[in-house]
Visitor: 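A single structure is presented below for examination.
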Amino acid sequence: MKNSVFLGALTAAGLTAGVAGAATLDDVKERGTLNCGVTTGLVGFAAPDANGEWGGFDVGVCRAVAAAVLGDPTAVEFVPTTGKTRFTALASGEIDMLARNTTWTFSRDVDLKFEFVGVNYYDGQGFMVPKALGVSSATELDGATVCIQTGTTTELNLADYFRNNNMEYTPVPIETNAEAQQQYLAGACDVYTTDASGLAATRAAFESPGDHVVLPEIISKEPLGPLVRHGDNDWGDIVRWTLNALIAAEEYGITSANIDEMSASGNPEVKRILGSEGDLGAMLGLDAEWAKRAIGAGGNYGELFAKNIGESTPIGLSRGLNAQWTEGGLLYAPPFR
């Protein structure tokens with residue numbers, strides 16, 4: 001679900017220049033709500049339920065930031081964005097942060113004038129096909145029709161992969177994941193390609209998930225994470241260290257269930273994270289228990305993963321690269337000191 005690499009670069013950069021100096025923290029506090037950009041709907045990551053209540057792995061990051069800043073994880077206005085609209089929404093100030101399966105790339109960081117504050121899911125692009133197609137490898141997709149979301153890094157990756165393997169394909173452009181699902185199931189395309197996590201989430205929503213196969217090839221690096229505008233470093237620090245707090249909490253065994261008990265821990269790092277020692281909150285312009293509230297909102301990183309997209313959910317994702325560094329994964333929070 002990755003996104004517009006160069007599309008709208010000049011517009012986004014121009015808009016950013018006008019709001020870069022804005023003090024987002026003050027705006028959020030005065031407004032009393034966090035405006036968080038999310039996907040238009042991807043089960044497990046960000047989607048409204050039957051009552052319109054948003055939930056998911058990315059939604060959990062938004063709620064953690066709201067809890068840290070406003071003391072209320074429900075004080076979030078979720079703004080659905082597509083691959084094409086998300087960057088304009090952030091650059092213009094319509095949203096305070098973006099948390100929607102967005103890949104950290106050079107051009108987005110530098111040319112579009114955004115700041116990626118970290119990675120909350122290490123992913124890669126894959127392919128899904130109907131089992132009836134009899135395909136077991138992406139190298140067998142020569143001549144396929146491929147559903148692909150416009151304004152995404154997926155487009156470039158797909159073109160590169162097919163060219164490198166001397167294969168041809170016919171793109172079927174779509175705007176949202178819901179449209180991709182509809183077109184794919186209707187047979188408008190042989191293949192759907194996006195981040196492997198997105199394929200797993202989409203497949204889980206099918207009436208007969210077993211009739212579809214996610215092929216083994218991963219053809220790209222897709223570090224997905226929240227981002228903010230360039231020029232408001234104080235706000236970027238808050239979002240960055242809120243994500244770090246969720247990651248560190250899992251490493252140190254701090255959970256939503258034991259957080260009060262852990263506040264009295266003898267571990268100095270845990271004390272600094274939870275605000276029972278030191279003055280890290282004041283450095284961010286927040287109170288001492290900002291991280292404690294963030295972790296309590298939906299749990300630590302591992303809790304959020306397990307609840308929304310883990311192996312016991314219909315999405316069924318293993319931790320893989322998203323395991324803690326102590327478990328052979330890439331998750332590694334800098335020290336809280």
Side-chain angles (χ1 to χ4, degrees), residues 1-5 7 38-50 56 58 80-86 100-103 121 123-220 222 224 308-309 313-317:
M1 226 132 291
K2 303 142 266 181
N3 351 101
S4 156
V5 183
L7 186 65
V38 290
T39 181
T40 53
L42 182 63
V43 175
F45 285 88
D49 62 16
D58 290 329
T81 61
T82 68
K84 286 186 174 180
T85 65
R86 66 186 139 178
R100 61 147 342 267
N101 307 76
T102 297
T103 303
Y121 194 92
D123 211 344
Q125 184 175 335
F127 300 92
M128 178 168 61
V129 297
K131 185 177 288 186
L133 206 59
V135 171
S136 60
S137 168
T139 58
E140 302 171 38
L141 295 177
D142 190 22
T145 55
V146 184
C147 279
I148 184 167
Q149 290 191 49
T150 54
T152 67
T153 57
T154 313
E155 291 180 294
L156 296 178
N157 295 334
L158 180 67
D160 288 348
Y161 181 78
F162 272 74
R163 183 170 63 245
N164 290 342
N165 286 278
N166 297 311
M167 299 189 300
E168 296 183 356
Y169 69 97
T170 301
V172 178
I174 45 90
E175 288 282 340
T176 67
N177 192 69
E179 183 185 352
Q181 179 175 321
Q182 182 182 28
Q183 293 285 77
Y184 171 79
L185 289 176
C189 53
D190 304 312
V191 186
Y192 180 33
T193 184
T194 188
D195 294 336
S197 63
L199 294 177
T202 302
R203 180 177 175 271
F206 290 169
E207 189 174 324
S208 302
D211 291 345
H212 305 271
V213 178
V214 176
L215 300 178
E217 287 83 3
I218 297 295
I219 68 169
S220 68
E222 307 294 339
L224 310 175
N308 293 293
I309 57 177
T313 71
I315 314 302
L317 295 172

Visitor: Tell me if the centroids of the rings in Y184 and H212 come within less than 6.0 Å of each other.
Guide: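 Yes, ring centres under 6.0 Å apart.
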Visitor: Would you indicate whether the side-chain heavy atoms of Y192 and N177 approach each other to under 4.5 Å?
Guide: yes
Visitor: For V214, is there any backbone N or O sitting under 3.5 Å from a side-chain donor or acceptor partner on R203?
Guide: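 No, the answer is negative, given that no donor and acceptor are paired below the 3.5 Å cut-off.
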Visitor: Could you go through T202 and L42, starting from their C-alpha distance and side-chain angles, then the distance that decides it, and tell me whether this counts as side-chain contact (heavy atoms from CB on, under 4.5 Å)?
Guide: CA-CA 7 Å; T202 302; L42 182 63; 4.0 Å; yes
Visitor: Does either side chain, that of E155 or that of T150, offer a donor lying less than 3.5 Å from an acceptor on the other one?
Guide: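 The answer is no; no qualifying pair exists.
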Visitor: How far apart are the closest heavy atoms of A144 and V191, and which atoms are they?
Guide: CB-CG2, 3.9 Å
Visitor: Could you tell me which non-hydrogen atom of V172 sits nearest to which non-hydrogen atom of C189, and how far apart they are?
Guide: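 The answer is CG2-CB, 4.0 Å.
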Visitor: Show the numbers, then the answer: is there a side-chain contact (heavy atoms from CB on, under 4.5 Å) between I219 and F127?
Guide: CA-CA 9 Å; I219 68 169; F127 300 92; 3.8 Å; yes
Visitor: Measuring from Q182:CD to I174:CD1, what's the distance to the nearest 0.5 Å?
Guide: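 One gets 11.0 Å once the value is rounded to the nearest 0.5 Å.
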Visitor: For the CG atom of L199 and the CG atom of D123, what is their distance to the nearest 0.5 Å?
Guide: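 With rounding to 0.5 Å, CG (L199) is 8.5 Å from CG (D123).
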Visitor: As an exercise, state the distance from CG of D190 to OG1 of T170, rounded to the nearest 0.5 Å.
Guide: 9.0 Å
Visitor: Can you tell me how far OG1 of T194 sits from CG of L158, rounded to the nearest 0.5 angstrom?
Guide: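 Going from CG on L158 over to OG1 on T194, the span is 11.0 Å.
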Visitor: Search all heavy atoms of E179 against all heavy atoms of P173 and return the closest pair with its distance.
Guide: OE2-O, 4.3 Å
Visitor: Tell me whether S137 contacts the main-chain N or O of E140 through its side chain, where contact means a donor paired with an acceptor under 3.5 Å.
Guide: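 Checking the backbone N and O of E140 against the side chain of S137, no donor-acceptor pair under 3.5 Å is found.
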Visitor: Where the side chain of N157 meets the backbone of S220, is there a donor-acceptor pair that is under 3.5 Å apart?
Guide: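 Such a contact is absent between N157 side chain and S220 backbone.
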Visitor: Over all heavy atoms of both residues, which pair between S136 and P216 is shortest? Give the atoms and the distance, please.
Guide: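 For S136 versus P216, the nearest heavy atoms are O-CD, 3.4 Å.
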Visitor: For the residue pair L141 and F162, what are the closest heavy atoms and their distance?
Guide: O-CE2, 3.5 Å
Visitor: Working note: Y169 + I148, criterion side-chain contact (heavy atoms from CB on, under 4.5 Å); need CA distance, chi angles, decisive distance, verdict.
Guide: CA-CA 11 Å; Y169 69 97; I148 184 167; over 6 Å; no
Visitor: Can you see which heavy atom on P314 is nearest to which on A204, and at what distance?
Guide: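 Nearest heavy atoms, P314 then A204: O-CB, 3.2 Å.
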Visitor: Please check: side-chain N/O of T81 versus main-chain N/O of T39, any donor-acceptor pairing under 3.5 Å?
Guide: no
Visitor: Any donor and acceptor pair, going by atom type alone, linking the side chain of D195 with main-chain N or O of G124 inside 3.5 Å?
Guide: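 Checked: no pair found.
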Visitor: Evaluate T153 against E222 for side-chain contact (heavy atoms from CB on, under 4.5 Å), listing each step before the verdict.
Guide: CA-CA 9 Å; T153 57; E222 307 294 339; 3.4 Å; yes
Visitor: Can you tell me if N308 uses its side chain to pair, donor with acceptor, with the backbone of F45 under 3.5 Å?
Guide: no
Visitor: Checking side-chain hydrogen bond (donor to acceptor under 3.5 Å, both in side chains) for the pair Q125/T193: CA distance, chi angles, key distance, verdict?
Guide: CA-CA 7 Å; Q125 184 175 335; T193 184; 2.8 Å; yes
